Amino acid sequence: MTLILDRSAHQALLELKRVLIIDDEEPIRRLLGYMLQSHGYETVLVADAREARAKLEEQPFALMLCDVNMPGESGMDLARNTLSQHPNTAVIMVTGLDSSVLANAALDMGAFGYIVKPFESNEVMIDVANALRRRRLELENRLHRENLEDVVRTRTMALQQALDWLELSEKELRLSREETIQRLAIAAEYRDSATAQHIQRMSHYCELLARKYGLSSERCDLIRTASPMHDIGKIGTPDHVLLKPGKFTPEEFTVISQHAEIGYRILSGSDAEILKVAASIAWTHHERWDGNGYPRKLKGEAIPVEGRIAAIADAFDALTTARVYKPAFSLDHAVDLMTKHRGEHFDPELLDVFFASLSDITLIHDQYADQLPRTMIPES
Ligand SMILES: [Fe+2]
């Protein structure tokens, strides 16, 4: 049994001088009582185990002197029970039987002494003093151990609180960073017809494709967080080009296509991994698998995977949502159109992986649907 006590309770236990004497022979009881009282101990005398148990429940004892052979419950059973239920009470067995077997059994059980009747006063007082000294050492040792455990517990709690705080700060920082990125991206997109939902869909399509393609979880998170900035370079595109509803002239196309380069220049040069990925996506999301994209006409795997992923996600979202110059195409039509450009515009393997997840794609599309009631308008 473990007892957690404060310092003052421990001190009271250390100073306790009350002794419980159990013997069915009254003269022995009285003799033991007299010896101990004359040495300054407080004594309580009882004749059997039942009475002894009642006294032990009433008040604490420093020591119990216990006869072995008594009517009713034996002294050995009483001692065993006391050592288990009242570990702050030391036990000395007192018996008329001088048996080494019994003595060893008593000591093994945890008794601190074994006195054989008839006894000398000195012999009893030496055993009592030894038992109480040993009890004191054990109590002090326990206090020390509990103090140590208390220190460890307090420090562990402080450490846990610090870790919780760090985790919370890190989470807040991450959320605020992601929100800042999204708001910046929305600000850039706000100039044309794209919506905040486009940013959300785009980033989730990118993340979905990255995961299904088998990129690391950390890379997928980076791609999800960074992809909303793919068109941030449009802030450098003049309104008359950006907002033109019809087809671009070759000169206008040259102007609009500069947004990839401008985005890259805005985002590049940082040591932050997220901005490195964002810069890469901004620079390469209009490259084509066959090398006919822009701005650098990169080909195949020379295009970073995040750029190839963003190209698919961006094109798919443009096709399946309404724009000022076109209605939303159905999912099937978008799949057909993009499949025709498999291996030309789009990385064929990535496109297959993307379209193998149509149910997930539909979930994202529906979850972040434009608030204007014009998305996924079935074609007539
Ligand atoms: Fe773009």
Side-chain angles (χ1 to χ4, degrees), residues 181-207 209-210 223-268 274-299 303-326 328-329 334 337-338 341 344-347 350-351 354 368 370:
I181 288 168
Q182 292 216 345
R183 283 172 190 262
L184 275 175
I186 289 166
E189 298 275 357
Y190 199 71
R191 294 189 53 232
D192 63 16
S193 59
T195 63
Q197 283 73 26
H198 164 65
I199 303 292
Q200 293 276 9
R201 287 189 302 267
M202 164 81 185
S203 75
H204 285 93
Y205 290 147
C206 283
E207 184 194 18
L209 181 46
I223 289 174
R224 174 180 55 79
T225 315
S227 56
M229 289 183 278
H230 65 286
D231 271 343
I232 199 131
K234 282 183 179 173
I235 59 174
T237 307
D239 281 354
H240 71 274
V241 177
L242 187 66
L243 305 178
K244 183 179 176 182
K247 267 192 128 195
F248 292 128
T249 65
E251 294 74 27
E252 287 166 341
F253 183 77
T254 303
V255 171
I256 189 92
S257 61
Q258 284 167 351
H259 79 275
E261 188 85 40
I262 295 169
Y264 170 70
R265 272 191 260 134
I266 290 171
L267 297 165
S268 63
I274 190 170
L275 288 178
K276 286 183 189 169
V277 175
S280 170
I281 291 176
W283 208 12
T284 60
H285 72 282
H286 285 292
E287 299 289 0
R288 292 171 45 127
W289 183 255
D290 61 8
N292 289 321
Y294 66 85
R296 291 180 290 162
K297 294 192 178 299
L298 298 180
K299 190 173 181 181
I303 308 164
V305 66
E306 57 269 15
R308 283 178 271 145
I309 286 172
I312 291 173
D314 197 25
F316 179 79
D317 195 57
L319 290 172
T320 53
T321 52
R323 300 288 164 97
V324 284
Y325 51 86
K326 64 169 263 303
F329 294 162
L337 277 176
M338 289 178 70
H341 295 278
E344 295 172 5
H345 193 141
F346 306 110
D347 176 337
L350 274 173
L351 196 71
F354 189 55
Y368 300 103
D370 282 331

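In each ligand, atom 1 is the first atom listed, and ligand 1 is the first ligand listed. Every value quoted in this text rests on a predicted model; they were computed, and no experiment measured them.
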Show, in sequence, the C-alpha distance, side-chain angles and deciding distance for Arg201 and Thr321, and conclude whether the side chain to side chain contact (heavy atoms under 4.5 Å, CB included) test is met.
CA-CA 10 Å; Arg201 287 189 302 267; Thr321 52; 3.2 Å; yes

Which protein N, O or S atoms does the Fe ion (ligand 1) have within a distance shorter than 2.8 Å?
Asp231 OD1, His259 NE2, His285 NE2, His286 NE2

Side chains of Glu261 and Trp283: closer than 4.5 Å at any heavy-atom pair?
yes

Assess the side chains of His285 and Asp231: does a donor N or O sit below 3.5 Å from an acceptor N or O?
yes

Audit row: Tyr368, Met202, side chain to side chain contact (heavy atoms under 4.5 Å, CB included) steps and yes/no:
CA-CA 10 Å; Tyr368 300 103; Met202 164 81 185; over 6 Å; no

What do you reckon, are the aromatic ring centroids of Phe354 and Phe346 less than 6.0 Å apart?
no

Note: Ala310 and Cys206 closest approach over all heavy atoms is CA-SG, 3.8 Å

